[in-house]
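Values in this document were obtained by computation on a predicted structure and should not be read as measured data.
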Amino acid sequence: MTASRSADPSTDRLAPWAFAAFVEANTHDTAYRPPVVDGPVGPTIHRNGRELVNFASISFLDLERHLPVRGHFAEGARTHGLSTSGSRMTQGICRPHRVLEETIARHTGKERAISFATGLLANIGFVHAMSSSAHFDTGIEVRNHDTVFVVDRDVHWSIWKGLQGLAYGRHVHAFQHNDVADLARILDRVRSGGRGRKTVVIAESIYSADGTMGPIVEILDECDRHGAVSMIDDANGFMVYGPEHRPYAREAAAIRERADFVMVSLSKAVGLEGGAIAGPAPAIDAFELLSGTSMFTAAIQPPTAHAAERTIAALADDPRIVDGYLAHAARLRRRMHEAGTPTTPTDSYMLSVPVGSDAAALQMREWFVGDGYLVPVFSYPAVPRNQALLRLFPHEGHTEAQLDGFLDTLLDYRRRLAV
């Protein structure tokens with residue numbers, strides 16, 4: 001007979017990793033056990049049989065009210081199938097990917113674009129491509145391990161993940177959030193140290209935590225002054241900002257006309273999934289091999305690429321869709337200010353409400369769910385300790401009654417918690 005074994009021997013083998021103790025110590029189960037949503041995500045969602053007014057959706061334009069997005073997806077599925085059935089380098093890409101990439105390049109003002117299954121993979125792939133060394137054959141090689149990255153300290157986790165294996169203080173430097181003087185100081189130091197020949201500066205257009213727009217023009221000025229390559233993560237601004245009558249027109253024009261590379265996300269204004277890097281044609285062609293995150297994994301599903309291209313075209317052709325949404329978000333911001341609930345100083349569609357105390361913010365989150373609202377909270381470690389905030393995405397489909405109810409509820413919580 002075989003020796004008896006415990007019911008779950010992997011538990012003992014995993015003990016040194018302390019996963020069980022970590023989970024047990026976590027008192028906010030939803031942080032690690034995401035609740036299940038039934039039905040589509042929109043201005044409201046259904047969880048555990050309850051409807052919640054949703055301020056968490058990053059797909060905020062309610063595009064089905066304006067466009068036959070599901071119809072485009074179904075058309076793409078019928079024509080091109082559901083999967084690429086392989087990576088870009090083994091199976092190739094489908095026609096919708098090529099059309100989508102050409103569309104993104106045109107709307108970002110760049111020569112070429114390469115798409116990825118997610119925006120996270122786009123950012124990681126960019127960092128890897130700009131810093132990798134590879135030798136394929138005589139003359140077919142790159143040696144870029146000497147690249148230096150200078151990044152805003154608040155750039156997205158995916159950028160930091162891409163930088164993880166590089167030496168901080170030598171190949172990676174961070175400047176204070178939106179502080180151009182600090183960026184200039186670091187670039188001066190990098191250049192004076194003889195390591196400035198291959199320097200890449202990375203910043204975001206709209207930062208996810210606080211909704212602030214980076215000082216794009218001034219950042220690009222410093223890149224020009226120091227001979228640095230620029231990459232702007234425009235995940236939150238793509239297809240939202242650009243026309244002269246909208247906020248941040250100057251910054252959006254600078255991204256289009258002056259940034260060397262632009263990252264875009266398809267999960268925000270476009271309302272689907274995926275990401276892309278746009279830039280000079282030789283670099284983007286090299287990224288096919290050097291990014292890794294396009295070569296060794298599947299691409300966006302073909303029907304998603306098909307629907308994304310149609311959606312981008314529709315947003316460009318009918319500016320009223322985004323104009324109406326921005327006016328909707330601006331009205332909520334104005335009403336919050338008038339009610340004595342200021343948001344972070346920005347004109348973006350993301351409304352961040354400073355709370356301060358981590359405990360108070362987490363208590364608000366639980367109360368909101370109990371009262372029928374899903375409101376994201378950014379607390380430590382997403383932000384420094386006791387600098388917690390509520391990060392709101394107003395949704396195009398929110399009714400005035402829903403917004404009034406949310407604001408009344410928020411004011412009540414602030415009084416109860418004295419924040």
Side-chain angles (χ1 to χ4, degrees), residues 17-35 47 52 54-58 119-120 123-124 149 151-164 168-169 172-179 182 202-214 233 235-236 265 267-268 336 341-346 348-371 373-394 406 409-419:
W17 279 263
F19 292 142
F22 174 75
V23 172
E24 186 176 353
N26 171 39
T27 58
H28 299 282
D29 287 351
T30 55
Y32 300 102
R33 298 181 181 88
R47 286 189 351 194
L52 302 176
N54 186 15
F55 286 93
S57 176
I58 60 174
L120 179 146
N123 276 340
I124 293 176
F149 293 91
V151 306
D152 187 297
R153 69 176 188 185
D154 286 359
V155 291
H156 192 268
W157 179 89
S158 55
I159 294 292
W160 284 111
K161 183 62 179 178
L163 297 169
Q164 192 171 42
Y168 192 87
V172 179
H173 303 265
F175 61 96
Q176 297 294 313
H177 180 47
N178 283 344
D179 188 333
D182 196 41
I202 303 178
E204 295 189 26
S205 57
I206 305 289
Y207 285 85
S208 295
D210 58 9
T212 57
M213 166 66 86
D233 180 333
N236 294 310
S265 169
S267 62
K268 308 298 172 53
M336 292 175 70
T341 299
T343 60
T344 50
T346 175
S348 75
Y349 57 88
M350 280 187 274
L351 282 69
S352 294
V353 180
V355 175
S357 164
D358 290 334
L362 293 172
Q363 179 63 76
M364 279 189 176
R365 183 177 68 181
E366 301 306 316
W367 284 349
F368 270 125
V369 170
D371 286 330
Y373 301 91
L374 180 60
V375 177
V377 167
F378 277 35
S379 59
Y380 181 82
V383 295
R385 288 190 186 277
N386 293 316
Q387 295 184 27
L389 49 84
L390 312 180
R391 201 281 306 276
L392 312 173
F393 279 95
F406 161 74
T409 302
L410 173 59
L411 293 173
D412 177 54
Y413 295 171
R414 293 192 63 188
R415 285 190 295 267
R416 291 163 64 181
L417 295 169
V419 295

Novice: Please give me the minimum heavy-atom distance between P384 and Y380, naming the atom from each residue.
Specialist: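 Answer, listing the atom of P384 first, then Y380: C-CD1, 4.3 Å.
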
Novice: Among all residues two or more places apart in sequence or in another chain, which pass the salt bridge (charged side-chain N to carboxylate O under 4.0 Å, His left out) test with D412?
Specialist: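 Only R416 meet the salt bridge (charged side-chain N to carboxylate O under 4.0 Å, His left out) criterion with D412.
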
Novice: List the atom of V355, the atom of A360, and the distance in Å for their closest heavy-atom pair.
Specialist: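 Shortest heavy-atom contact: CG1-CB, 4.2 Å.
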
Novice: List in chain and number order the residues that pass side-chain contact (heavy atoms from CB on, under 4.5 Å) with Q164, two or more places apart in sequence or in another chain; answer none if no residue qualifies.
Specialist: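 Q164 satisfies side-chain contact (heavy atoms from CB on, under 4.5 Å) with K161 once adjacent residues are dropped.
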
Novice: side-chain contact (heavy atoms from CB on, under 4.5 Å) for V369 and E366? Distances and angles first, verdict last.
Specialist: CA-CA 5 Å; V369 170; E366 301 306 316; 5.6 Å; no

Novice: For G211 and S348, which heavy atoms make the closest approach, and how far apart are they?
Specialist: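 Nearest heavy atoms, G211 then S348: O-OG, 2.7 Å.
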
Novice: Working note: F393 + N54, criterion side-chain contact (heavy atoms from CB on, under 4.5 Å); need CA distance, chi angles, decisive distance, verdict.
Specialist: CA-CA 8 Å; F393 279 95; N54 186 15; over 6 Å; no

Novice: Going by ring-ring contact (aromatic ring centres under 6.0 Å, His included), name the residues that satisfy it together with W367, two or more places apart in sequence or in a different chain.
Specialist: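 ring-ring contact (aromatic ring centres under 6.0 Å, His included) check on W367 returns Y413.
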
Novice: With sequence neighbours left out, what residues match S267 under side-chain contact (heavy atoms from CB on, under 4.5 Å)?
Specialist: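 Counting only residues at least two positions away or on another chain, S267 forms a side-chain contact (heavy atoms from CB on, under 4.5 Å) with I58, S265, E273.
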
Novice: Would you say that S205 contacts M213 through its side chain, given a criterion of any heavy-atom pair below 4.5 Å between the two side chains?
Specialist: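 A side-chain contact exists here, since the closest heavy-atom pair is under 4.5 Å.
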
Novice: Students often mix this up, so state it plainly: with edges at 30° and 60°, are the rings of H173 and Y168 parallel, tilted or perpendicular?
Specialist: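 The arrangement is tilted - the two ring planes meet at 30° to 60°.
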
Novice: With rounding to the nearest 0.5 Å, note down the distance linking CG in L390 to OG in S379.
Specialist: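 These two atoms lie 10.5 Å from each other.
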
Novice: How would you list, by chain and number, every residue that makes a side-chain contact (heavy atoms from CB on, under 4.5 Å) with D154, sequence neighbours excluded?
Specialist: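 side-chain contact (heavy atoms from CB on, under 4.5 Å) check on D154 returns D152, H177, Y207.
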
Novice: What's the separation between atom CZ in R153 and atom CG in D182, rounded to the nearest 0.5 Å?
Specialist: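 That separation rounds to 9.0 Å.
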
Novice: What's the spacing between L351 CG and L389 CG if we round to 0.5 Å?
Specialist: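 The distance works out to 11.5 Å.
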
Novice: Which atom names give the shortest non-hydrogen contact between A209 and S352, and what distance separates them?
Specialist: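 Minimum heavy-atom contact is O-OG, 2.8 Å.
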
Novice: Sequence neighbours excluded, which residues qualify as side-chain hydrogen bond (donor to acceptor under 3.5 Å, both in side chains) partners of T341?
Specialist: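 In terms of side-chain hydrogen bond (donor to acceptor under 3.5 Å, both in side chains), with neighbours along the sequence ignored, T341 is linked to R414.
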
Novice: Go through the structure and list residues passing side-chain hydrogen bond (donor to acceptor under 3.5 Å, both in side chains) with D358, not counting sequence neighbours.
Specialist: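 With sequence neighbours excluded, D358 shows a side-chain hydrogen bond (donor to acceptor under 3.5 Å, both in side chains) to no residue whatsoever.
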
Novice: Would you mind reporting whether F368 and F406 have side-chain heavy atoms less than 4.5 Å apart?
Specialist: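 Yes, their side chains come closer than 4.5 Å.
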
Novice: Any side-chain heavy-atom pair from W160 and V172 closer than 4.5 angstrom?
Specialist: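 Counting from C-beta outward, W160 and V172 do come under 4.5 Å.
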
Novice: Can you sort out the partners of N123 under side-chain hydrogen bond (donor to acceptor under 3.5 Å, both in side chains), two or more places apart, ordered by chain and number?
Specialist: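 Counting only residues at least two positions away or on another chain, N123 forms a side-chain hydrogen bond (donor to acceptor under 3.5 Å, both in side chains) with S158, D233.
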
Novice: Checking F175 now: which residues fulfil ring-ring contact (aromatic ring centres under 6.0 Å, His included) with it, not counting sequence neighbours?
Specialist: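 ring-ring contact (aromatic ring centres under 6.0 Å, His included) check on F175 returns nothing, list empty.
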
Novice: Can you measure from OG1 (T212) to CD (E204) and round to the nearest 0.5 angstrom?
Specialist: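 Separation between the atoms: 9.0 Å.
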
Novice: Any side-chain heavy-atom pair from M336 and L392 closer than 4.5 angstrom?
Specialist: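 Touching, per the 4.5 Å side-chain cut-off.
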
Novice: What residues, two or more places apart in sequence or in another chain, satisfy side-chain contact (heavy atoms from CB on, under 4.5 Å) together with S208?
Specialist: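 For S208, the residues satisfying side-chain contact (heavy atoms from CB on, under 4.5 Å) (neighbours in sequence not counted) are N236, R391.
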
Novice: Going from CG on D210 to OG1 on T344, what distance comes out if it is rounded to the nearest 0.5 angstrom?
Specialist: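 Atom-to-atom, D210:CG and T344:OG1 are 5.5 Å apart.
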
Novice: If you measure from OG on S357 to CD on Q387, what distance do you get to the nearest 0.5 Å?
Specialist: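 Those atoms lie 12.0 Å apart.
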
